[in-house]
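See below for the structure under consideration.
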Amino acid sequence: MGQTIAEKILAAHAGKTGVVPGEMVDVELDLIVGNDASTPIAVKQIETYGLLDKVAHPSKIYLALSHYSPAKDINTASHIQLTKRFADRYPEVTVFPEGYGIEHVIIPEEGLVGAGDLVIGADSHTCTYGAVGAFATGVGSTDMAAAMVTGKTWMKVPETQKFVYTGKKRPFFTGKDLVLYLIRQLGVDGVTYQVMEHAGEALLDFTMEERLTIANMAIEAGGKTGIVSYDEVTERYLAGRAKRAYRPTFADADAMYAAVYEWDISDLEPQVAKPNLPSNTVDVSSVEGLSMDQVYIGSCTNGRISDLRAAAAIMKGRKVNSNLRTIVVPGSKAVYQQALREGLIDIFLEAGALVGPPSCGACFGGSMGILAPGDRCLSTTNRNFTGRMGAATAEVYLSNPSVAAATAVTGKITHPAEVAHEPVL
Ligand SMILES: CC(C)[C@H](C(=O)O)[C@@H](O)C(=O)O
Ligand code: SF4
């Protein structure tokens, strides 16, 4: 029987020729990822079992100090301290220090993950690496602890749903809009414990950075992971960047899927998710004119250089509306430096935006950009759950960076075409 991409990757890491959905497998891991929010819990678990000196493959472990960075209080500072103290025991563990950025931006950017890899991370957006053809999934801190000690994990082989895209995207329709549209159709539980396999010729128009955004939000539909089929865009991205050998993995023509959908994207406009779920998504035109108190541009969803370019193209030569605050946070130090070289940071500062250090920033209220009761924020992040960015009565809307920048300029949700100097995407 034919195999999906996910099944082939799991089989290869279980030392088998094939696996079937529902089967339990023990798998060897290529990378184990953690951050300053999740690693302390894993470390405490390892300590409880007296295994602090028994970490199996420290060179496979990558820890980012991104969520609480810089720390906002004693509790978050202690999380960072504990993560660092653990890493100090193992020089082979890679630590991305405070200010270096978010793991899901850094790891692909530095070529640390490639096609065919199997990755777990104690962070739900570990699925981001599916964009380069890896099977990558978020786990709890306890699973991370066990994997750190054994180098392995176990998993029930998930079913796969396939999404085939056709048509040509319109200006300002990005990977973010595609995935928001998908979640709008499927609901937040539409692919629970299943893999999203993305394919189709329309995807050739989506850059790797857009694909990282698409894969990043698989979890927002309940997905175990989201994998983009390997093609020339993947090849161009990985060639010359990958730090380890990678294994392009393709679905068989007779692979079995739980469902196959075909979506024509030609007529779709930018999407906005209204509070308090990513599935509460509508066309931008139906929420235009709604006033905001904050615009946030950043995160592992849309904090990459192309996102900052898209925002800067709209904010260039303009001022942000004085009724709101606009916060821009590059997803990594490399993104920050590139944005500086291209003059983007100057554009944001001249416009009156606040530029923060590479980190998760305001995304989940871990260090800054906290919302007051009743505040409304348009954010380029991936979740708009109740209370995520601050007060439980605050409202978070999700969009792509062009919509966010247009909104920053006018103070109200705005279609970027209305204020654009020229289309950028
Ligand atoms: C705190 C962390 C473990 C969490 C996650 O698992 O995703 C965070 O990154 C988020 O986006 O909510
Ligand atoms: S940027 Fe947001 S979604 Fe991404 S890892 Fe950080 S907190 Fe989670």
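When a ligand or atom number is given, it counts from 1 through the structure's own listing order. Along the sequence shown, the residues carry numbers beginning at 1. It should be emphasised that the depicted structure is a prediction, and the values quoted were computed from it without experimental measurement.
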Q: May I ask you to list the atoms of ligand 2 that are less than 4.0 angstrom from any heavy atom of Asn382?
A: 3 (S)
Q) In terms of residue, atom name and distance, what is the protein heavy atom nearest to atom 8 (C) of ligand 1? A) His67 NE2, 3.5 Å
Q. Just wondering, are more than 12 heavy atoms of other shown residues or ligands nearer than 6.0 Å to CZ in Arg85?
A. no
Q) Is it the case that more than 12 heavy atoms not belonging to Lys156 sit under 6.0 Å from its NZ atom? A) no
For [X], atoms of ligand 1 separated by under 4.0 Å from a heavy atom:
{"X": "Ala37", "result": "1 (C)"}
{"X": "Phe364", "result": "1 (C)"}
{"X": "Asp123", "result": "2 (C), 3 (C), 4 (C), 5 (C), 6 (O), 7 (O), 8 (C), 9 (O)"}
{"X": "Ser124", "result": "5 (C), 6 (O), 7 (O)"}
{"X": "Arg383", "result": "7 (O), 10 (C), 11 (O), 12 (O)"}

Q | Basic-acidic side-chain contact under 4.0 Å: Glu209, Lys176 | A | no
Q: Answer yes or no: is there an ion pair linking Arg211 with Asp231, defined by an N-O contact shorter than 4.0 Å?
A: yes
**Q.** Aromatic Tyr246 / basic Arg244 pairing, under 6.0 angstrom, 45° off normal
**A.** no
Q | Flag, side chain of Arg376 to backbone of Ser291, donor-acceptor distance under 3.5 Å | A | yes
(Q) Any side-chain to backbone donor/acceptor pair from Glu210 onto Gly175? Under 3.5 Å, distance only. (A) yes
Q | Spatial distance of atom OG1 (Thr407) from atom CG (Leu324) [nearest 0.5 Å] | A | 8.5 Å
Q) Does any non-hydrogen side-chain atom of Gln294 lie less than 4.5 Å from one of Ile327? A) yes
Q: Applying side chain to side chain donor-acceptor pair (under 3.5 Å) between Ser332 and each of Glu109, Gln337, Glu103, report the one that passes.
A: Glu109
**Q.** Around atom 6 (Fe) of ligand 2, number of protein N/O/S atoms which are nearer than 2.8 Å
**A.** 1
Q. Met217 near ligand 2, heavy-atom distance under 4.0 Å?
A. no
Q. At a non-hydrogen distance cut-off of under 4.0 Å, which region of Arg388 contacts ligand 1 (side chain, backbone, both, or neither)?
A. side chain
